[in-house]
Enquirer: 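After the structure tokens below, expect a handful of questions from me.
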Amino acid sequence: MRWLPASVQAYRKTPVFTETTIPAGLLRDHSTKPGTWGLIHVISGDLRLHFAEDGAPERLAPGRPGVLPPEALHRVAADGPVRFFVEFFREP
């Protein structure tokens, strides 16, 4: 399991996305910028998070967020109704 470092601080978040409004860029491999961590918060439903390095999907759900380390290639996929947003963190 991946964790956010205790030293990082939130600085931005995306709007809430649904299974029909997920931007195309999130559905294919992409990464955060150097020094930027992401945290995927699922509000309802569930979301699959795939990291290019291991291929095994993580199931994200309310109370079970997904941590995105800097520059780690990843993508998401929805199997049904879902609402989620991504919060971004960096060192102060």
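Note that these values count all heavy atoms, side chains included, but never hydrogens, waters or copies made by symmetry.
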Enquirer: Which residue pairs pass the salt bridge (Lys or Arg N to Asp or Glu O under 4.0 Å) test with at least one member in residues 81-92, sequence neighbours excluded?
Expert: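 Qualifying pairs: none.
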Enquirer: Report, as yes or no, whether the 6.0 Å neighbourhood of atom CZ on Arg12 holds more than 12 heavy atoms from other residues, nucleotides or ligands.
Expert: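 It does: Arg12 CZ has more than 12 such atoms within range.
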Enquirer: If the condition is ring pair (Phe, Tyr, Trp, His ring centres under 6.0 Å), which residues does Phe88 pass it with, not counting sequence neighbours?
Expert: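 Expected list: none.
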Enquirer: So Arg75 and Leu27, side-chain contact (heavy atoms from CB on, under 4.5 Å) or not? Walk me through it.
Expert: CA-CA 5 Å; Arg75 68 184 185 281; Leu27 299 172; 6.0 Å; no
Enquirer: Would the distance check show the side chain of His74 and the main-chain N or O of Ala52 forming a donor-acceptor pair, the cut-off being under 3.5 Å?
Expert: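 Pair absent, no side-chain N/O of His74 close to backbone of Ala52.
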Enquirer: So His41 and Lys13, do their side chains get closer than 4.5 Å, heavy atoms only?
Expert: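 They are not in contact (no side-chain heavy atoms under 4.5 Å apart), so the answer is no.
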Enquirer: Quick one: does Pro5's side chain get under 4.5 Å of Trp3's, heavy atoms only?
Expert: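 Side chain of Pro5 against side chain of Trp3, heavy atoms only: no contact under 4.5 Å found.
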Enquirer: Please tabulate, for side-chain N and O atoms in residues 19-26, each donor-acceptor pair with protein atoms closer than 3.5 Å (sequence neighbours left out).
Expert:
residue: Glu19; atom: OE1; partner: Val82; partner atom: N; Å: 2.9
residue: Thr20; atom: OG1; partner: Thr18; partner atom: OG1; Å: 3.1
residue: Thr21; atom: OG1; partner: Thr18; partner atom: N; Å: 2.7
residue: Thr21; atom: OG1; partner: Thr18; partner atom: OG1; Å: 3.3

Enquirer: If you group Ile, Leu, Val, Met, Phe, Trp and Tyr whenever their side-chain heavy atoms sit less than 4.5 Å apart, what else falls in with Phe85?
Expert: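 Listed partners: Val16, Ile43.
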Enquirer: What residues, two or more places apart in sequence or in another chain, satisfy side-chain hydrogen bond (donor to acceptor under 3.5 Å, both in side chains) together with Asp46?
Expert: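 Applying side-chain hydrogen bond (donor to acceptor under 3.5 Å, both in side chains) to Asp46 gives Arg59.
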Enquirer: To check you understand the geometry: which heavy-atom pair defines the closest contact between Gly35 and Pro70, and what is its length?
Expert: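 Nearest heavy atoms, Gly35 then Pro70: N-CB, 3.6 Å.
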Enquirer: Connecting only ILVMFWY residues whose side-chain heavy atoms lie within less than 4.5 Å of each other, what is the rest of Val8's hydrophobic cluster?
Expert: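 When side chains under 4.5 Å apart are linked, the cluster holding Val8 also contains Leu4, Trp37, Leu39, Val67, Phe89.
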Enquirer: Taking the side chain as C-beta and beyond, is there a heavy-atom pair between Pro62 and Val42 under 4.5 Å?
Expert: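 The answer is yes; the side chains approach within 4.5 Å.
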Enquirer: Using the rule that Ile, Leu, Val, Met, Phe, Trp and Tyr join whenever any side-chain heavy atoms are under 4.5 Å apart, tell me whether Leu47 and Leu73 fall into a single cluster.
Expert: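 No, Leu47 and Leu73 fall in different hydrophobic clusters.
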